[in-house]
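Both counts, for ligands and for their atoms, begin at 1 and track the order of listing.
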Amino acid sequence: MASYDAIIIGAGISGMYQLHRLRELGLEVRLFEAGGGVGGTWYWNRYPGARFDSESYSYGYAFSEEILAEWDWSEHFAPQPETLRYLEFVADKLDLRRDIQFDSRVASAVYDEAESGWLVELEGGARARARFLVAAVGPLSAPTLPRIEGMETFRGQAHHTARWPHEPVELAGRHVGVIGTGATGVQVIQDVAKTAARLTVFQRTPNYCAPLGNRPIDEETQRDIKARYPEIFRKCRETHGAFLHQADPRSALEVDPDQREAFYEWLYEEPGFGIWVGNFRDILIDKAANDTISEFMARKIRERVRDPAVAELLVPRDHGFGTRRVPLETNYYEVYNQPNVRLVDLRATPIERITATGIETSDERFDLDVLVYATGFDAVTGAFDRIDIRGEGGRTLRDKWADGPRTYLGLQSRGFPNLLTLVGPHNAATFCNIPRCSEQNVEWVTDLLRYMRYHAYERIQPTAAAEEAWTRHVYETAALTLIPTADSWFMGVNQNLPDKKRTFMAYLGGAPAYRARCEEVAARGYEGFELR
Ligand SMILES: Cc1cc2nc3c(=O)[nH]c(=O)nc-3n(C[C@H](O)[C@H](O)[C@H](O)COP(=O)(O)OP(=O)(O)OC[C@H]3O[C@@H](n4cnc5c(N)ncnc54)[C@H](O)[C@@H]3O)c2cc1C
């Protein structure tokens, strides 16, 4: 059986960088990836309209001046094919593929106490062992489908957005149905509406969507971006979510209503997540402050959608602005003014079954050629749960996290020594411009492994007290915000997963505080961890 110093699971932006760093350390590393190529999210999500919500140049790797100089982003918010090309370019540049085994899904990982290491088994039975196991399995990589009677009988094409075929799917001139109106659904809908003969949107929960403000990057801007990379990444290091948007230090309630309105109008025109994470400091903390922006956003929907009845269906009623992941859009609301687009409110008329020819709701039948499931993911813990991970005493991680994740710094869970989780639950990377936070995770893990080698340590895991304190801190921090007032994937809520408990998946203390905490822990000889 092949044996390595470290095995990495997942060749997305996190796993790729981890592979590079551990190889630099001189370790023997193997990376197993379920997909047929590098890129993770950007390999799988090939649906029409898929693109960044992060500014492109704030998302790419920061560590290599050569990569920064050689890569040109064509748009402020690049589309998926470009991001996939970028990650392929990086894989070539760093010669990553020689240590990556594609089409290799890890089925199980069992901790071997005698060897202080992990025994990994792939689907198909091949096995390998390593001292360290780094899970870079992705926060949004385990797709979920609804459970609807008759799904398997549909005779047209049906695709989950995260399992979109590599060959083009013909949508022009056809009748397309989209189930789901989250961040992905919104991107698909606004794109498909351009060419479909008829588009029927099946909506259960409307979200507050904000304009993306995308535009091409001209040559002069390109030069400017390249010259300003150090400043761009410095800014990302300073903001709460590592985006290029800094929260306004004022309260929404202390400015006069005209000023507030003017600020909201300005933010509405601002590209990217500015309106979400660059807004007044208290819109995600204070209900009265949140009401002011929620009312503003609802007004925008009513202004943009001509039919008042349709507009009312698109206005969220069950959550405040920003308490769920905000979809960014380009003419999304105007789509509902088109004669070829129809919105079906599943709360009023639920889907009863899927048939060979389409969808039947409680009061109508819709014939469809193509059915798009924009039904999201088993977020954050889903990709872990799909692997049979067994730690000390044979206990499964799935079992340990059944009532919610328990970790120290979102990087390790007690009872699972030498297993390190990038962008794992309760890690700042889950509420972040992800590459900025995952590169911090990667660098921290790399430093740890260097430290362990230097001190001839073979095993690391958190103490029970450190894990307990971190988990408590994660929940206490979340409770200071309005995020727990909404059902969302941050809360582990997915209506397609009725058995998944409502807990909390992210960490809301912010990237700078999280980074400082991780650095402090390392500086104190990995305080809170047991090393031996
Ligand atoms: C459509 C979409 C748009 C997004 N846009 C943004 C954005 O604009 N900004 C932002 O910050 N974030 C965005 N995200 C979040 C995105 O997931 C992260 O930005 C980032 O790509 C995560 O990288 P990762 O390497 O941690 O995980 P992933 O990219 O998800 O990669 C994980 C990899 O692990 C593999 N894997 C999982 N389980 C196994 C297994 N058992 N065996 C083998 N391989 C396995 C998967 O196949 C996958 O390739 C978006 C997500 C989606 C779905």
Is there a polar contact, in the sense of an N or O pair closer than 3.5 Å, between [X] and ligand 1?
X      : answer
Thr184 : no
Ile434 : yes
Ala11  : no
Arg51  : no
Pro139 : no

Using the ring centroid of each side chain, check whether Phe52 and His76 are separated by less than 6.0 Å.
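No: the rings miss the under 6.0 Å criterion.
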Can you tell me which residue and heavy atom of the protein come closest to [atom], and the distance to 0.1 Å?
atom                    : result
atom 6 (C) of ligand 1  : Trp42 CZ2, 4.0 Å
atom 34 (O) of ligand 1 : Gly10 CA, 3.2 Å
atom 24 (P) of ligand 1 : Ser14 OG, 3.3 Å
atom 41 (N) of ligand 1 : Val106 O, 3.1 Å
atom 45 (C) of ligand 1 : Ile9 CG2, 3.9 Å

Is it true that Asp487 and Arg324 make a salt bridge, defined as a side-chain N closer than 4.0 Å to a carboxylate O?
no
When you compare the side chains of [X] and [Y], does any donor N or O come within less than 3.5 Å of an acceptor on the partner?
X      : Y      : answer
Glu443 : Tyr17  : yes
Asp218 : Thr221 : yes
Glu55  : His245 : yes
Thr330 : Gln187 : no

Enumerated ligand 1 atoms positioned under 4.0 Å from heavy atoms of Asn433:
11 (O)
Would you say that Ile275 contacts Glu270 through its side chain, given a criterion of any heavy-atom pair below 4.5 Å between the two side chains?
no
Please verify the inter-ring angle class for Phe416 with Trp118; under 30° counts as parallel, over 60° as perpendicular, anything in between as tilted.
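Geometry flag for Trp118 against Phe416: parallel rings.
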